[in-house]
Amino acid sequence: MLEIQRIRTEKEAVIEGLKKRNIDATATVEEILKKDQEWRESKSELESIAAELNQIAKEIGDLFKQGKQAEANAAKERTTSLKGKEAQLKEVVSGLENEIQQLMYTLPNVPNEQVKAGKNELDNEIVDEVGSKHIFDGEPLPHWELTKKYDLIDFELGVKITGAGFPVYKGKGAKLQRALIQFFLDEAEKAGYEEFIPPHVVNEASGIGTGQLPDKEGQMYHCTVDDLYLIPTAEVPLTNIYRDVILPDENFSIKMTGYTPCFRREAGSYGKDVRGLNRLHQFDKVEIVRIEHPDNTAKALDEMVEHVRGLLAKLGLHYRILRLCGGDTGFASAMTYDFEVFSAAQEKWLEVSSVSRFDTFQANRLKLRFKTADKKTQLAHTLNGSALALPRIVAALLENYQNADGSITIPEVLVPYTKFDKIG
RNA sequence: GGAGAGAUGGCAGAGUGGUCGAAUGCGGCGGUCUUGAAAACCGUUGACCUUCACGGGUCCGGGGGUUCGAAUCCCUCUCUCUCCGCCA
């Protein structure tokens with residue numbers, strides 16, 4: 001959620017910024033400011049009535065103590081009309097607060113100045129591409145054939161047990177999965193991230209804190225009996241560790257990592273790109289999350305990008321980095337870099353990581369703040385990124401590392417984890 | 001699932017209708033003393049909204065009610081703890 005203060009003082013900049021998302025927020029912003037003005041007026045009127053009532057109440061207390069019953073009762077009379085007015089104003093004020101809140105929830109984050117205007121993924125900027133396409137002797141097989149051939153992942157079995165999008169990993173397929181998780185966690189730890197194993201189910205307040213709720217309700221699995229949500233990413237529980245927290249001083253840099261399964265309903269995305277591992281309802285991911293002083297955010301984002309680069313380089317994958325355009329940048333994000341690996345058999349790019357800075361957008365909802373040197377409270381900045389999401393990495397590894405004899409080579413960095421260097 | 005207890009400031013913990021945003025202790029911060037530190041002593045120490053400011057207002061788990069006045073009384077929800085049962 002944007003800060004109301006920012007809308008008051010930087011109205012034009014906010015509207016201009018949101019245009020990069022292909023959104024004209026003028027009407028909403030004007031509406032917010034109008035209601036905000038009304039709210040402030042009603043609120044101050046309400047407060048002066050409250051002050052008067054407090055004053056009278058105090059007088060009555062004194063009168064009773066002095067035994068001046070009659071005068072006290074007379075004073076009581078004075079309160080009735082004030083109380084009526086107070087009740088009326090209270091309703092107006094809380095009504096306005098609700099309306100403003102609802103409007104505020106509809107506004108996405110203002111893109112960073114580096115973000116280009118654009119409608120959709122076609123307008124994203126390719127900022128770098130590393131590696132080149134594998135040259136194969138024959139036709140490489142797509143990963144869904146490889147997983148079947150070597151009995152690594154059983155999609156049909158998952159359908160039987162749960163439904164589409166819940167694969168069963170077997171044998172070397174399962175081991176490869178575990179190896180990647182371990183490898184990613186070790187790398188994150190080397191980079192200074194502290195490991196967490198958070199709950200995989202969260203409450204409503206946490207969903208609101210990181211911005212999944214209220215708007216994107218349909219994306220999460222909801223356990224209605226207990227009113228809890230399966231996490232769509234470790235970002236939710238990890239970031240919410242710092243909900244309602246005021247860090248004691250401004251010297252902080254919090255770096256967290258965690259592996260969790262991620263659950264996504266992916267409502268409305270059936271039919272396209274859902275083959276094999278490309279899009280699942282449950283998948284594994286190692287996430288990195290940072291909480292930073294606003295002055296340090298740009299640097300932190302760069303470090304996270306470098307970290308993900310390092311992972312892909314070590315795995316020897318051909319990848320590219322995109323800076324998402326305004327229209328493709330997530331609701332809460334101010335700037336996002338997507339990482340895509342090239343899938344040799346499918347001959348297309350697969351997104352494997354998304355690294356974002358949210359600035360104060362999440363912190364505002366989370367009430368995540370810190371104390372400045374002069375003892376003021378100020379919103380902190382949050383960032384997060386996948387490092388990495390497993391399924392498409394697995395897809396790319398299997399497809400790209402096929403050998404002429406049909407076997408699949410395991411990248412050297414993973415061998416200590418898998419304890420085997422070849423499939424097939 | 002059954003029975004009971006409870007939710008107060010960073011923590012512990014008092015407070016059952018008016019002077020309580022809240023005693024006291026611990027912790028934190030500043031100071032005195034000291035070569036330095038400890039101890040001792042003194043002071044200070046919540047968040048939010050509004051205002052240029054003075055000031056004003058709100059907050060004692062959430063919501064509602066009674067009252068001139070609620071941390072304190074009533075209703076309701078949520079959560080936590082203890083015991084029993086069940087289970088890893």
Given atom CG of A:Leu53 and atom P of B:C68, what is their separation to the nearest angstrom? 11 Å

Would you say B:G69 has OP1 or OP2 under 4.0 Å from some side-chain N or O of A:Asn54? no

Parallel, tilted or perpendicular: which one describes the rings of A:Tyr221 and A:His281, with boundaries at 30° and 60°? perpendicular

For the residue pair A:Pro167 and A:Leu280, establish whether any side-chain heavy-atom pair is separated by less than 4.5 Å. yes

Run the salt bridge (Lys or Arg N to Asp or Glu O under 4.0 Å) check on A:Asp36 and A:Arg8 step by step: do they pass? CA-CA 9 Å; A:Asp36 181 55; A:Arg8 282 180 199 153; 2.6 Å; yes

Gap in Å between the two P atoms, one belonging to B:A39 and one to B:A23, rounded: 24 Å

For A:Met104 and A:Glu3, the nearest pair of non-hydrogen atoms, with its separation, is CE-C, 4.2 Å

Separation of the C1' atoms in B:U78 and B:G25, to the nearest angstrom: 31 Å

B:A3: pairing nucleotide in any strand, Watson-Crick or G-U under 3.5 angstrom: B:U82

Once you round it to whole Å, what is the distance between C1' of B:U19 and CD of A:Gln55? 13 Å

Side chain to side chain donor-acceptor pair (under 3.5 Å), paired with A:Lys35, selected from A:Glu97, A:Glu99, A:Glu30: A:Glu99

Should A:Tyr150 and A:Lys172 count as side-chain neighbours, where that means a heavy-atom distance under 4.5 Å? no

Main-chain N/O of A:Glu77 paired to A:Thr80 side chain as donor or acceptor, under 3.5 Å: yes

RNA chain B: 5'-proximal contact among A:Thr79 and A:Ala50 (nearest heavy atom): A:Ala50

Calculate the interatomic distance between A:Lys90 atom NZ and B:G64 atom P; express it in whole Å. 9 Å

Between B:C29 and B:C84, how many Å separate the two C1' atoms, rounded to a whole number? 48 Å

Could you please name the partner base of B:A40, counting Watson-Crick and G-U wobble pairs only when both distances are under 3.5 Å? B:U32

Salt bridge present between A:Glu156 and A:Lys160 (N-O < 4.0 angstrom): no

Between atom CD1 in A:Ile60 and atom C1' in B:G17, what is the gap in whole Å? 14 Å

Euclidean distance for C1', B:A14 against B:U66 (whole angstrom): 26 Å

Could you check which nucleotide pairs with B:A47 in any of the strands shown, counting Watson-Crick or G-U wobble with both distances under 3.5 Å? B:U58

Sticking with atom C1', work out how far B:A88 lies from B:G17, rounded to a whole angstrom. 50 Å

What's the gap between B:A5 and B:G69 when it is taken at their C1' atoms, as a whole Å value? 31 Å

Nearest-angstrom distance, C1' atom, B:C77 to B:A22: 26 Å

Return the value, rounded to whole Å, for the distance between atom CG of A:Leu82 and atom C1' of B:G69. 14 Å

Distance in angstrom units between A:Glu41 CD and B:G56 P, rounded: 22 Å

Considering Watson-Crick and G-U wobble pairs with both distances under 3.5 Å, what does B:U19 pair with? none

Polar atoms only, N or O, under 3.5 Å: list the protein pairs with nucleotides 46-51 of chain B and their distances.
unit_1	atom_1	unit_2	atom_2	d
B:A47	OP1	A:Lys371	NZ	2.0
B:A47	O3'	A:Arg369	NH1	3.4
B:C48	OP1	A:Arg369	NH1	2.9
B:C48	OP1	A:Thr377	OG1	2.6
B:U50	OP1	A:Arg8	NH1	3.0
B:U50	OP1	A:Arg8	NH2	2.9
B:U51	OP1	A:Arg40	NH1	2.8

Whole angstroms only, please: what is the CG-C1' distance between A:Asp227 and B:C77? 13 Å

Between B:C86 and B:G1, how far apart are the two C1' atoms, rounded to whole Å? 8 Å

Which is true for A:Ile56 with a 4.0 Å heavy-atom rule: it touches a base, it touches only sugar-phosphate, or it touches nothing? nothing

